[in-house]
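Okay, so here's the structure we're looking at.
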Amino acid sequence: MTATAALLAAGAIVAVPQLAAQVFSGHNSDAPVDYAADRIELQDKQDRVILSGNVDVRQGELELRAARTVVNFTNKGSMQIQRITASGGVVVTRGDERATGDVGIYDFNKKIITMTGNATLKRGNGDTLRGGRFVIDLNTGVSSASGGRVSGTFTVPKQN
């Protein structure tokens, strides 16, 4: 299935008022993508592919896991992915960085990733950011957290 050849890319800087933390910075969104799922269904007339059951998508060091993923594409001589919508306990990891949410949407044309529903970002050093929704703009490196009160924990470097 070449339609899923670029299932996921993520790289971002997450910004909250007057505080910032890099998450998934430096990710190569042009790297090849591998996927696995319990079931795949190609719906040519609807221009989409549905992966379901233990969906695992990898691109470079980035990994996405979800219960279900819908890949929308255009088919103009070759399939070109337009949008991916992952649902059901979405977890995106890269190294010691982790983003979670109920739904994750990646718009390939705009290079924007949106995580909604109990969205959380965590780094291995203990930094945590929580909100109802995160919008990650891969073009500008600017992201925003919204959807109710945004909260988090940032670590402080130890002084000798």
Side-chain angles (χ1 to χ4, degrees), residues 1-16 22-123 129-150:
M1 286 282 155
T2 59
T4 56
L7 275 178
L8 181 73
I13 296 175
V14 176
V16 296
Q22 290 188 350
V23 178
F24 305 134
S25 63
H27 175 68
N28 178 6
S29 62
D30 295 325
V33 174
D34 297 312
Y35 66 90
D38 293 341
R39 182 166 189 242
I40 184 168
E41 181 178 315
L42 174 60
Q43 298 178 348
D44 262 339
K45 289 184 180 181
Q46 292 83 15
D47 290 336
R48 68 182 175 200
V49 173
I50 299 175
L51 300 169
S52 59
N54 301 305
V55 178
D56 185 11
V57 178
R58 293 176 187 258
Q59 183 180 41
E61 297 176 7
L62 190 79
E63 180 179 15
L64 169 115
R65 291 181 184 262
R68 183 174 192 263
T69 303
V70 177
V71 180
N72 297 99
F73 62 89
T74 59
N75 195 354
K76 298 177 182 173
S78 67
M79 293 182 184
Q80 296 178 345
I81 294 175
Q82 302 297 306
R83 177 179 172 153
I84 293 175
T85 304
S87 60
V90 180
V91 178
V92 178
T93 57
R94 179 172 174 234
D96 66 354
E97 301 168 321
R98 177 182 175 109
T100 61
D102 297 334
V103 176
I105 300 168
Y106 179 57
D107 183 323
F108 276 73
N109 294 319
K110 295 179 181 177
K111 292 197 175 195
I112 292 177
I113 297 172
T114 305
M115 298 288 284
T116 61
N118 302 308
T120 302
L121 295 171
K122 295 182 180 180
R123 296 176 58 190
L129 183 61
R130 290 174 293 280
R133 173 186 165 138
F134 294 113
V135 177
I136 304 164
D137 186 329
L138 302 175
N139 291 312
T140 64
V142 175
S143 298
S144 60
S146 62
R149 190 157 176 86
V150 177

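Start at 1 with the first residue, then count along the sequence.
T85 places a side-chain heavy atom less than 4.5 Å from the side chain of V103.
Residues meeting the side-chain contact (heavy atoms from CB on, under 4.5 Å) test with Q43, sequence neighbours left out: E41, Q46, R48, I50. Judged as a side-chain contact (heavy atoms from CB on, under 4.5 Å), and not counting sequence neighbours, the contacts of D102 are N118. Legend: residues meeting side-chain contact (heavy atoms from CB on, under 4.5 Å) with A86, ordered by chain and number and at least two apart, are L64, A66, T69, V90. The side-chain contact (heavy atoms from CB on, under 4.5 Å) test applied to S146 returns R133, not counting sequence neighbours. For R65, the salt bridge (charged side-chain N to carboxylate O under 4.0 Å, His left out) partners are D56, E63, not counting sequence neighbours. Listed by chain and residue number, nothing satisfies the salt bridge (charged side-chain N to carboxylate O under 4.0 Å, His left out) test with R83 (two or more places apart in sequence, or in another chain).
Nearest heavy atoms, A145 versus V150: O-CG2, 3.7 Å.
Of the inter-residue distances, the one linking I105 atom CD1 with T114 atom OG1 reads 6.0 Å to the nearest 0.5 angstrom. Rounded to the nearest 0.5 Å, atoms NZ (K122) and OG1 (T93) are 13.0 Å apart. For the atom pair CG (D44) and CZ (F73), the distance works out to 5.5 Å, reported to the nearest 0.5 Å. Within the model, atoms CZ of R98 and CG of L121 stand 11.5 Å from one another, a figure rounded to the nearest 0.5 Å.
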Chi angles and distances behind the side-chain contact (heavy atoms from CB on, under 4.5 Å) call for I40, V49: CA-CA 7 Å; I40 184 168; V49 173; 3.7 Å; yes

